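Data first, discussion second: the structure below is written as structure tokens.
Hydrogens, waters and symmetry mates play no part in the numbers below; they use all other heavy atoms, side chains included. Remember, it's 1-based here, ligands and their atoms both numbered in the order they're listed. A quick note: this is a predicted structure, and the numbers were derived from the prediction, not measured.
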Amino acid sequence: MLLTALGTAAGIGRGVATTSFLVDETTLIDCGSGVGSLPVEQLEKIERVLLTHSHLDHCGFIPFLADCHAYRDGPGITVYSQPETLAALRAHLFSGVLWPDYTRLPDPAKPWVRLEEITVGETVQLENGTATALPAAHSVPGIGWLITGPKNAFAFTGDTGPCPAFWNAVSRVATLSDVVSEISYRNKDSANAERFGHLSAEKLAPLLDGLPDGMRLWISHLEPGRETEMMAEIRATLPSRLKVDAILSGQEIVL
Ligand SMILES: Nc1ncnc2c1ncn2[C@@H]1O[C@@H]2COP(=O)(O)O[C@H]2[C@H]1O
């Protein structure tokens with residue numbers, strides 16, 4: 001199983017895009033602007049989106065992805081997330097105002113976007129592994145994802161503030177090789193991190209005790225233009241026994 005980072009940033013700018021990870025050829029974790037870097041032939045192969053939460057930097061490209069199927073008579077996509085997140089997509093994104101209601105078009109029995117509820121602890125079967133919803137603590141209802149492949153497992157926090165339940169869950173996964181955690185704010189802005197349901201390095205550090213030495217801990221959701229400054233602080237704050245690095249577009253992880 002191959003995981004490819006398409007977009008990993010908190011915002012946009014040259015060379016950076018918002019959250020989207022490709023799992024093999026058919027699954028996306030989140031559908032931010034990063035997905036737009038894929039050629040059309042690859043976009044058409046995507047069957048499902050594992051969505052962490054309803055904020056636009058994570059779900060805003062779902063209509064355009066669905067359009068790849070709409071234009072070419074494809075089967076459409078299935079979006080898996082919590083009931084509150086799916087309700088937000090129905091009410092706001094596919095309201096018929098921001099975008100036509102692709103959850104009922106072209107035919108309510110066979111729409112371009114199918115919404116499937118999933119709750120924390122439930123698993124989606126993938127072609128070559130599984131995806132399990134993990135807890136998160138954001139300003140809107142959110143989840144993380146655990147992707148288990150034939151050899152290794154990968155965990156993604158999604159957008160979250162401190163969430164001990166996430167870190168307890170991943171520390172029990174024997175095959176875990178890589179974790180991607182968001183850090184959106186510098187330590188001096190920890191109060192804002194807390195206010196908006198995000199992490200700074202000093203808020204993440206106490207949660208990492210359950211990770212074994214040498215675990216790869218990738219950092220996502222950095223502020224565009226501040227990556228170098230933030231990573232210097234993050235490396236100085238997080239335990240040196242972990243392999244800490246920024247995850248950038250194009251990074252591949254074999255599971
Ligand atoms: N009052 C607020 N509550 C939550 N988010 C806010 C607020 N004001 C500004 N924001 C920004 O809105 C963004 C929404 O997406 P994020 O959670 O990634 O990050 C959030 C903050 O950067």
Which of these passes ring-ring contact (aromatic ring centres under 6.0 Å, His included) with F64: Y71, Y102, W99, W112?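 Single pass found, and it is W99.
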Whether [Y] and [X] form a salt bridge (side-chain N of Lys/Arg under 4.0 Å from carboxylate O of Asp/Glu) is what I want to check.
| X | Y | result |
| --- | --- | --- |
| K110 | D107 | no |
| D245 | R235 | yes |
| K188 | E233 | no |

In the protein, what heavy atom is nearest to atom 15 (O) of ligand 1, and what distance, to one decimal place, separates them? H55 ND1, 3.6 Å
So which protein heavy atom does atom 3 (N) of ligand 1 come closest to, and at what separation?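 Ranking protein heavy atoms by distance from atom 3 (N) of ligand 1, first comes F196 CD2, 3.2 Å.
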Any N/O pair H198/ligand 1 closer than 3.5 Å: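 For ligand 1, there is an N or O atom that lies under 3.5 Å from one belonging to H198.
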Does the protein place a non-hydrogen atom closer than 4.0 angstrom to atom 12 (O) of ligand 1? no
Heavy-atom protein neighbour under 4.0 angstrom from atom 7 (C) of ligand 1: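 Given the 4.0 Å cut-off, atom 7 (C) of ligand 1 counts as touching protein heavy atoms.
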Which of the numbered atoms in ligand 1 are below 4.0 angstrom from a heavy atom of [X]?
| X | value |
| --- | --- |
| Y185 | 21 (C), 22 (O) |
| H138 | 17 (O) |
| D57 | 18 (O) |
| H221 | 18 (O) |

For H198 and H138, take the angle between the two ring planes, folded into 0 to 90°, and tell me which bin it lands in: parallel under 30, tilted 30 to 60, perpendicular over 60. perpendicular
Can H55 and D159 be counted as having a side-chain donor-acceptor contact under 3.5 angstrom? no
What I'd like to find out is whether the side chain of F21 reaches to under 4.5 Å of the side chain of V180, using heavy atoms alone.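 Result yes, sub-4.5 Å side-chain heavy-atom pair found.
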